[in-house]
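Working notes, structure below.
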Amino acid sequence: MASLSLRHIYKKYPGGVTAVSDFNLEVKDKEFIVFVGPSGCGKSTTLRMIAGLEEITEGELFIGDQLVNDVAPKDRQIAMVFQNYALYPHMSVFENMSFGLKLNKTPKEEIKRRVEEAARVLDITHLLDRKPKALSGGQKQRVALGRAIVRNPKVFLLDEPLSNLDAKLRAAMRTELTKLHARVGTTFVYVTHDQVEAMTMATRIVVMKDGLIQQVDTPQNLYDAPCNMFVAGFIGTPQMNFINGKLVKQGTDVYFNFEDVSVKLPEEKATAPELAEYIGQEVVVGLRPEAISDEASTVEANPDTSFDVAVDVTELMGAEIYLYLNIGETRLIARVSSRSKSRAGQNIKVNFDISRLHIFDKDTERCILH
């Protein structure tokens with residue numbers, strides 16, 4: 001098993017294109033690290049540099065204590081699982097899983113033992129004689145994982161391995177991967193653009209944008225304390241509401257004004273020293289959809305934080321309802337109880353849970369206050 005250390009890693013292509021900039025990350029042994037971000041943010045490129053499939057332009061990459069910049073992929077003791085499974089169509093499942101071991105001249109008995117053990121862990125023992133064309137998408141993915149497991153790698157690299165599966169199977173495979181990680185006790189580095197996968201599986205998440213790390217933290221800390229508007233908007237479904245407005249002081253109280261609404265900040269936020277220089281200035285307030293409640297909520301309404309809104313659209317999600325709301329030109333989404341009686345076209349009163357609001361600098365987009 002191994003830790004992973006990426007120190008000032010850059011990937012530059014001819015023509016001045018920089019795909020990854022000054023990437024620094026220390027991955028502990030047995031961690032489940034997830035790289036997440038929109039398409040083109042550099043997450044797969046970073047994974048491919050760890051695998052040795054992309055050359056590192058600048059910086060140092062260590063697997064354990066070994067500098068591996070110039071080490072061939074086959075000698076890095078890593079195993080990679082690809083988005084498209086990359087199975088050999090003319091080989092059986094057993095042959096696919098054992099192929100890498102045969103190349104390394106592993107004894108036949110050892111190959112058989114490792115393949116059968118991996119098949120048992122992945123519940124694909126009954127598929128060992130089948131060809132890939134006779135397998136479902138989920139079964140192919142398990143075979144691809146099995147081929148990686150039999151090599152006993154120090155680090156598992158997974159590049160969007162669930163993106164070709166349907167929603168139900170993706171959810172099931174998320175659980176299987178989490179259990180697999182606990183069973184094999186190896187370092188996992190996983191790439192996805194799906195923040196639900198990141199939130200449910202990761203020990204820590206690396207949020208990337210334009211080749212740069214935005215924030216590295218546990219899923220809960222990313223959700224509760226995003227460092228900027230990009231992270232706040234990327235993590236969470238539906239995404240955080242962003243409201244443009246102005247901070248105004250009246251006596252000892254501080255209000256956030258937008259449209260013709262005035263929201264009184266709680267005392268602990270109003271007196272925070274970080275906020276002092278922003279009084280009288282325009283800021284952006286972030287409020288998650290679950291922090292906005294309607295009359296079906298058990299949250300007691302506060303006259304300082306209750307407002308009239310127009311319901312534009314409602315979406316029933318089963319256990320909850322998404323309300324799309326308008327306050328003047330400001331658009332908001334609320335995530336409320338399925339008991340809600342709010343309907344499209346109505347004017348209703350909603351309550352903001354202001355203890356959960358975030359305040360961002362309008363120019364830099366960094367978070368001033370949680």
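As a basis for the values below, the full set of heavy atoms in this structure was taken, side chains included, without hydrogen atoms, waters or symmetry mates. Note that the structure is predicted; figures quoted are calculated from it, not measured.
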[X] bridged to [Y] by N-O distance under 4.0 Å:
{"X": "Glu58", "Y": "Lys12", "result": "yes"}
{"X": "Glu117", "Y": "Arg114", "result": "no"}
{"X": "Arg113", "Y": "Glu110", "result": "yes"}

TODO: Evaluate the criterion side-chain contact (heavy atoms from CB on, under 4.5 Å) for residue pair Gln195 and Leu222; output intermediate values, then yes/no.
DONE: CA-CA 11 Å; Gln195 53 97 14; Leu222 277 181; over 6 Å; no
Task: Centroid-centroid distance, Phe23 to Phe35, less than 6.0 Å - done: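 Aromatic pair counts; centres sit under 6.0 Å.
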When you compare the side chains of [X] and [Y], does any donor N or O come within less than 3.5 Å of an acceptor on the partner?
{"X": "Glu26", "Y": "Ser5", "value": "yes"}
{"X": "Asn351", "Y": "Asp353", "value": "no"}
{"X": "Ser163", "Y": "Gln83", "value": "yes"}

TODO: Dump the intermediate steps for side-chain contact (heavy atoms from CB on, under 4.5 Å) on Lys269 and Leu357, then the final yes or no.
DONE: CA-CA 9 Å; Lys269 292 190 190 294; Leu357 63 77; 3.9 Å; yes
Task: Ile78 side, atom CD1; Leu53 side, atom CG - distance, nearest 0.5 Å - done: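 Taking CD1 in Ile78 and CG in Leu53, the distance rounds to 7.0 Å.
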Task: Interatomic spacing from NZ in Lys349 to CG in Asp308 - rounded to 0.5 Å - done: 4.0 Å
- [ ] Answer yes if Phe156 and Ile124 sit in the same cluster of Ile, Leu, Val, Met, Phe, Trp and Tyr residues linked by side chain heavy atoms under 4.5 Å apart, and no otherwise.
- [x]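 The answer is yes; both residues are in one hydrophobic cluster.
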Task: Polar side-chain atom of Asn104 near backbone of Thr106 as donor-acceptor pair, under 3.5 Å - done: no
TODO: Say whether, by atom type as modelled, one donor and one acceptor occur between the side chain of Arg76 and the main chain of Val71 under 3.5 angstrom.
DONE: yes
TODO: Would you verify whether the NZ or CZ of Arg288 falls within 45 degrees of the ring axis of Tyr223 while also being under 6.0 Å from that six-membered ring's centre?
DONE: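 Yes, Arg288 sits over the ring of Tyr223.
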Open item on the list: Within 45 degrees of the ring normal and closer than 6.0 Å to the centroid, is that where the cationic atom of Arg7 sits relative to Phe62?
Closed with: yes
TODO: Look at atom CG of Asp75 and say whether more than 12 heavy atoms of other residues, nucleotides or ligands are closer to it than 6.0 Å.
DONE: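 Yes - once you tally the heavy atoms of other residues, nucleotides and ligands closer than 6.0 Å, there are more than 12.
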